[in-house]
Each structure stands twice: as structure tokens, then as C-alpha cells.
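Both backbone and side-chain heavy atoms feed into the values below; hydrogens, waters and symmetry mates do not.
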Amino acid sequence: MADRSTADPKKLPWFDHYSKPGFRDFSAVHELPYDHSILLENLMDPAHIPISHDGTDPSSKRENAQPLAFEVTERTPRGFAGRWGEASNATFANTLRFEAPCVLRNDKESVDKDGNQQYSSALFLCRPSGQGKSMLIVRFGSTQFNSRLGLIPNWVIHQTSNTVFEQDMGFLSSQNEILLRKKVPTKDLYLNLRSCDTWVTEYRRWLDKVGHGMPYYFGHQTFCLPQSSALLEEAPAGLVTSKASSVPTKGVLGTLHAPDPTNRYFRHVIHCKECRTALKNFQAGKKILLASGCFSAGLALLSTQRQWRVLFLVCAFLSSAGFYVCSNSVNWITTNFVRSHRR
């Protein structure tokens, strides 16, 4: 560890949007089953959002997909920065900045109908968590968020971000495998279009310049393969899960969730206090409501007076409804999104 007395506070990253009046934000953490460079590529690609995430949130609509215009304004050994926007609109309302090793931010400034300056920001702090794995802390914020958004529990909001990453996961995981199997630089694999892939090309060219200091990398024109294969921790579901997993938190004997890095439970829930707490509460609620429903139904059968029988039947019905809600909530928190054509 470095000496705290010699630390330079000026080197700490500062994200000015978050100190602006009226700025509201929420954050989440995810572990993802593909390489750090693949994760950064995906986060740098605004063109895929209307198509891949159509309908996931109100701002993602397939009919809004269109060519984009980009302008690189800065290149340094630590990264790059630039502006982008819709090709049909001459203004570059969005700015992007990548600062190695782990900071990517996408900001937008606009003026509302009342003439007030508004700010939105997507901040991504991403790092490798192993070969072929990455960890992401994501933080979204805006001065335009409705104050009622604060009434929605964080664990509910997190399910939307989980869905977003699961919509891309199949493609990105296979892209990771293809890079390792083909053993060529990305210029021989990618068809980078100027109308959507400028930041991806810029990032891979940056890797050409600095990749020699990394354990492995795939640049635009050069690459360096890892010296050894990735160590896999996942294991098939079943009674041997705990024996096959090298991390104790990734399952116990007879666990419901296999330690699969594509599973929502292991990608997000075990890292997120809000979602863990919500899951624990819903699981406890299922047990209580099941017992309550059975007890009320039994009392209804034994009751001889009509009013008591009706009362116990109502209690049994409400307990069953609560059990159904808790069961669906448990599934919602722990089950991956699957596209309709693959169900």
C-alpha cells in the first residue's frame, strides 16, 4: 500500500455533474462473463441501444435507430474523448470520455422548453475481474429525473439494468470466444462503420499503442494472446455445486442457483445489498404466507359457523395471493431475461 501522506488528491477522479443542484442518480454493480475490452466496446456503442434494447425503457425505441455522427476531440496515452449525436442533427449534444484504466463517461447537456440547462450522465467504472470476466459499477443520473423516482426501491430499478445486460450477453460472450479462437486483430474481424463504430475503432487503436504493457489485448492492428487459458469457476447445477465451485459464496450443497457466470443471481444479486435483502424478504414471505394459507384453509374446513368459515377462506385466499406475488418476485430477481423467440 502507498503512504497516505504522499497521496495526491488531484489524481482522484471528480465527476462534476453529481454535485449540480437537482441532480438525482442511482447505481448498480454487475459481474459479467466476457472480457473487459468487450464490455468497454459495448458501453461505447450508442448505435445498438434502440435496436438491442427496444422497449426496455422509454428512451429505447427501434424506430429511433439512425446513423450517428462522431468527432474525436482528444487523444492521449490515457484514453480519448469526443462528441457525438444524430447525423440528421448538426448539434453534438453528447460527449464521451474514456480514461484508462477503468473510467468511461457519457454526458449530455440540453436546454428544456423553459430555457433551463439540463444534464444527464452515464458513468461506468469497469475493471477486469479475471481472464474473460469483468466487473462493472454503473451510475446513471440526470437533473430531469422525476422526484417520484426516489420512491421506487433500488432493487426494482436494478432489474431493468439486469435485463439490459442480459439482452447483449449472448452476442458479447460469443464475440469474446471468437476473438480468442481466431487469434487476429479486430480489423480482420470487425466491419467498423463510421456512422456507429467510431468509438470502438478509437478504443482498439488506443490498445495498439498501450497494449504492450498488458497481460493480453486485441487491438485494431496488433494483439497479444494470454499466456494461459482462463480458470473456470462455474459448475453444473446439482448436489456437487459447492465442491465444484472455488468460491464459497457461489453455492452450498444443494443450492438452488448454480455458480454460472451468466446467471443473474451470481452476476448481480450476491454483489448487491438491496437485491439480496429483497430476495431474503420475499423468500421469508413465501414461507410465512404458505403456512398462513394452509392454516387458514384448515380452520375454514373445521369451522361450523358460516361467518368464520368465510373469514378463514378470505384469509387463505389473501395468503395465496401474497405467496404468488412473493414467488414471482423471487423469480424476477433471480431469473435471466430470455428473448421471446428463444423461449
Engineer: Treat each ILVMFWY residue as a node, draw an edge where side-chain heavy atoms are under 4.5 Å apart, and state whether Val184 and Phe218 are in one component.
Structural biologist: yes
Engineer: Are side-chain heavy atoms of Ser60 and Val164 found at a separation under 4.5 Å?
Structural biologist: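 No, their side chains stay 4.5 Å or more apart.
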Engineer: If you take all heavy atoms of Pro50 and Ala47, which pair is closest and at what distance?
Structural biologist: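 Result for this residue pair: CD-O, 3.4 Å.
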Engineer: Do the non-hydrogen side-chain atoms of Leu311 and Gln307 ever get within less than 4.5 Å of each other?
Structural biologist: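 The answer is no, as the side chains (C-beta and beyond) never meet within the 4.5 Å cut-off.
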Engineer: Distance check, rounded to the nearest 0.5 Å: Leu279 atom CG versus Asn331 atom CG?
Structural biologist: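 If I round to the nearest 0.5 Å, the distance is 10.0 Å.
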Engineer: Nearest 0.5 Å, what's the CZ-CZ distance between Phe26 and Phe140?
Structural biologist: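 Phe26 atom CZ to Phe140 atom CZ measures 6.0 Å (nearest 0.5 Å).
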Engineer: Is there a donor-acceptor pair closer than 3.5 Å between any side-chain N or O of Asp54 and the backbone N or O of Arg62?
Structural biologist: yes
Engineer: Can we say Arg83 and Glu71 salt-bridge, meaning some charged N sits less than 4.0 Å from an Asp/Glu carboxylate O?
Structural biologist: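 Counted as a salt bridge, because a side-chain N and a carboxylate O are separated by less than 4.0 Å.
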Engineer: Can you tell me if Asp208 uses its side chain to pair, donor with acceptor, with the backbone of Thr222 under 3.5 Å?
Structural biologist: yes
Engineer: Answer yes if Val314 and Phe295 sit in the same cluster of Ile, Leu, Val, Met, Phe, Trp and Tyr residues linked by side chain heavy atoms under 4.5 Å apart, and no otherwise.
Structural biologist: no
Engineer: If you group Ile, Leu, Val, Met, Phe, Trp and Tyr by side-chain heavy-atom gaps below 4.5 Å, do Ile288 and Leu290 land in one group?
Structural biologist: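 No: no chain of side-chain contacts under 4.5 Å links Ile288 to Leu290.
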Engineer: For residues 33-43, please give each side-chain donor-acceptor pair under 3.5 Å, one per line with the distance, not counting sequence neighbours.
Structural biologist:
residue : atom : partner : partner atom : Å
Asp35   : OD1  : Tyr216  : OH           : 2.7
Asp35   : OD2  : Ser37   : N            : 3.0
Asp35   : OD2  : Ser37   : OG           : 2.8
His36   : NE2  : Cys126  : O            : 3.3
Ser37   : OG   : Arg204  : NH2          : 3.4
Glu41   : OE1  : Gln175  : NE2          : 2.9
Glu41   : OE1  : Tyr190  : OH           : 3.2
Glu41   : OE2  : Tyr190  : OH           : 3.1
Glu41   : OE2  : Arg204  : NE           : 2.6
Glu41   : OE2  : Arg204  : NH2          : 2.9
Asn42   : OD1  : His48   : NE2          : 3.3
Asn42   : ND2  : Asp168  : OD2          : 3.3

Engineer: Within the structure provided, determine whether Arg105 and Leu96 are in side-chain contact (heavy-atom separation under 4.5 Å).
Structural biologist: no
Engineer: Within the supplied structure, the quantity of interest is the number of heavy atoms (other residues, nucleotides, ligands) at a distance under 6.0 Å from Gln227 CD; does it exceed 12?
Structural biologist: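 No - once you tally the heavy atoms of other residues, nucleotides and ligands closer than 6.0 Å, there are 12 at most.
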Engineer: Is there a side-chain contact between Arg127 and Pro101 in this structure, where contact means two heavy atoms from C-beta onward sitting under 4.5 Å apart?
Structural biologist: no
Engineer: Can Gln221 and Arg205 be counted as having a side-chain donor-acceptor contact under 3.5 angstrom?
Structural biologist: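 Short answer, no.
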Engineer: Would you find more than 12 non-hydrogen atoms of other residues, nucleotides or ligands less than 6.0 Å from Arg306 atom CZ?
Structural biologist: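 Atom CZ in Arg306 is not packed in, count stays at 12 or less.
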Engineer: Please confirm whether the backbone N or O of His53 pairs with a side-chain atom of Thr56, one donor and one acceptor, at under 3.5 Å?
Structural biologist: yes
Engineer: For the hydrophobic clusters of this structure (ILVMFWY residues joined by side-chain heavy atoms under 4.5 Å, transitively), does one cluster hold both Phe70 and Leu104?
Structural biologist: yes
Engineer: Are there more than 12 heavy atoms of other residues, nucleotides or ligands under 6.0 Å from atom NZ of Lys280?
Structural biologist: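 Atom NZ in Lys280 is not packed in, count stays at 12 or less.
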Engineer: Closest approach of Leu189 and Lys182, non-hydrogen atoms and distance?
Structural biologist: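 Leu189 and Lys182 have their closest heavy atoms at CD2-CG, 3.9 Å.
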Engineer: Would you say His30's side chain and Ile137's backbone share a donor-acceptor pair under 3.5 angstrom?
Structural biologist: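 Not confirmed, His30 side chain does not pair with Ile137 backbone.
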Engineer: Would a distance-only check, ignoring hydrogens and angles, find a side-chain to backbone donor-acceptor pair under 3.5 Å from Asp112 to Asn116?
Structural biologist: yes
Engineer: Return yes if some donor-acceptor pair links the side-chain N/O of Glu166 with the main-chain N/O of Phe337 below 3.5 Å, else return no.
Structural biologist: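 Checked: pair present.
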Engineer: Hey, does the side chain of Ser52 reach the backbone of Ile49 with a donor-acceptor pair shorter than 3.5 angstrom?
Structural biologist: no
Engineer: Using every non-hydrogen atom in the two residues, find where Pro46 and Leu68 come nearest and quote the distance to one decimal.
Structural biologist: CG-CD1, 3.7 Å
Engineer: Could you walk me through whether Cys275 and His268 satisfy the side chain to side chain contact (heavy atoms under 4.5 Å, CB included) test, starting with their C-alpha distance in whole Å, then the side-chain angles of each, then the deciding distance to 0.1 Å, before giving a yes or no?
Structural biologist: CA-CA 8 Å; Cys275 290; His268 174 74; 3.3 Å; yes
Engineer: Is the Phe282 ring parallel, tilted or perpendicular to the Trp155 ring (thresholds 30°, 60°)?
Structural biologist: perpendicular
Engineer: Got a second to check how far Met169's CE is from Leu32's CG, nearest 0.5 Å?
Structural biologist: 6.0 Å
Engineer: Is Val156 linked to Tyr265 within one hydrophobic cluster, defined over Ile, Leu, Val, Met, Phe, Trp and Tyr using a side-chain heavy-atom separation of less than 4.5 Å?
Structural biologist: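 Yes.
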Engineer: Can you name the nearest heavy-atom pair linking Phe23 to Gly141, along with the distance?
Structural biologist: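 Nearest pair, atom of Phe23 first, then Gly141: CZ-C, 3.3 Å.
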Engineer: May I ask you to check whether His271 and Glu31 show a side-chain donor-acceptor distance below 3.5 Å?
Structural biologist: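 Yes, side-chain donor-acceptor contact under 3.5 Å.
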Engineer: Take Lys187 and Thr201, measure what side chain to side chain contact (heavy atoms under 4.5 Å, CB included) needs, and give me the verdict at the end.
Structural biologist: CA-CA 9 Å; Lys187 71 178 181 63; Thr201 304; over 6 Å; no
Engineer: Could you list all the ring pair (Phe, Tyr, Trp, His ring centres under 6.0 Å) pairs where at least one residue sits in residues 95-119, not counting sequence neighbours?
Structural biologist: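 Checked against ring pair (Phe, Tyr, Trp, His ring centres under 6.0 Å) - neighbours excluded - the pairs reaching residues 95-119 are His17-Tyr119, Phe80-Phe98, Phe98-Tyr203, Phe98-Trp206.
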Engineer: Side chain of Arg276, backbone of Ile270: donor and acceptor closer than 3.5 Å?
Structural biologist: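 Present.
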Engineer: Under a 4.5 Å cut-off applied to non-hydrogen side-chain atoms, are Lys286 and Val330 in contact?
Structural biologist: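 Counting from C-beta outward, Lys286 and Val330 do come under 4.5 Å.
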Engineer: Once you round to the nearest 0.5 Å, how far does CG of Leu123 lie from CZ of Arg139?
Structural biologist: 7.0 Å
Engineer: Please test Trp199 against Val72 for side chain to side chain contact (heavy atoms under 4.5 Å, CB included), starting from the C-alpha separation and ending with a verdict.
Structural biologist: CA-CA 9 Å; Trp199 302 140; Val72 180; 3.8 Å; yes
Engineer: SG of Cys102 to CG of Leu136: how many Å apart, nearest 0.5 Å?
Structural biologist: 10.5 Å
Engineer: Please answer whether the main-chain N or O of Gly219 pairs with a side-chain N or O of Thr186 as donor and acceptor at a distance below 3.5 Å.
Structural biologist: yes
Engineer: Below 4.5 Å, heavy atoms only, C-beta onward: do Thr198 and Met44 meet side chain to side chain?
Structural biologist: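 They are not in side-chain contact.
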Engineer: Do you know which two heavy atoms are closest between Ser319 and Leu289, and how far apart they sit?
Structural biologist: CB-O, 3.5 Å
Engineer: Main chain of Ser303, side chain of Arg309: is a donor-acceptor contact present, judged purely on distance under 3.5 Å?
Structural biologist: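 Such a contact is found between Arg309 side chain and Ser303 backbone.
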Engineer: For Ser121, run the side-chain hydrogen bond (donor to acceptor under 3.5 Å, both in side chains) check against Thr95, Asp107, Thr143 and tell me which one passes.
Structural biologist: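 Single side-chain hydrogen bond (donor to acceptor under 3.5 Å, both in side chains) partner of Ser121 among Thr95, Asp107, Thr143: Asp107.
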Engineer: Output, in order, the C-alpha distance, side-chain angles, deciding distance and verdict of side chain to side chain contact (heavy atoms under 4.5 Å, CB included) for Arg264 and Ile333.
Structural biologist: CA-CA 8 Å; Arg264 181 180 292 193; Ile333 294 173; 5.9 Å; no
Engineer: Please give me the minimum heavy-atom distance between Ser27 and His158, naming the atom from each residue.
Structural biologist: O-NE2, 2.8 Å
Engineer: What I'd like to find out is whether the side chain of Val325 reaches to under 4.5 Å of the side chain of Ser329, using heavy atoms alone.
Structural biologist: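 Val325 reaches Ser329 side chain to side chain.
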Engineer: Rounded to the nearest 0.5 Å, what separates atom NZ in Lys209 from atom OG1 in Thr76?
Structural biologist: 9.0 Å
Engineer: Would you please say whether a donor-acceptor pair under 3.5 Å links the side chains of Gln66 and Ser88?
Structural biologist: yes
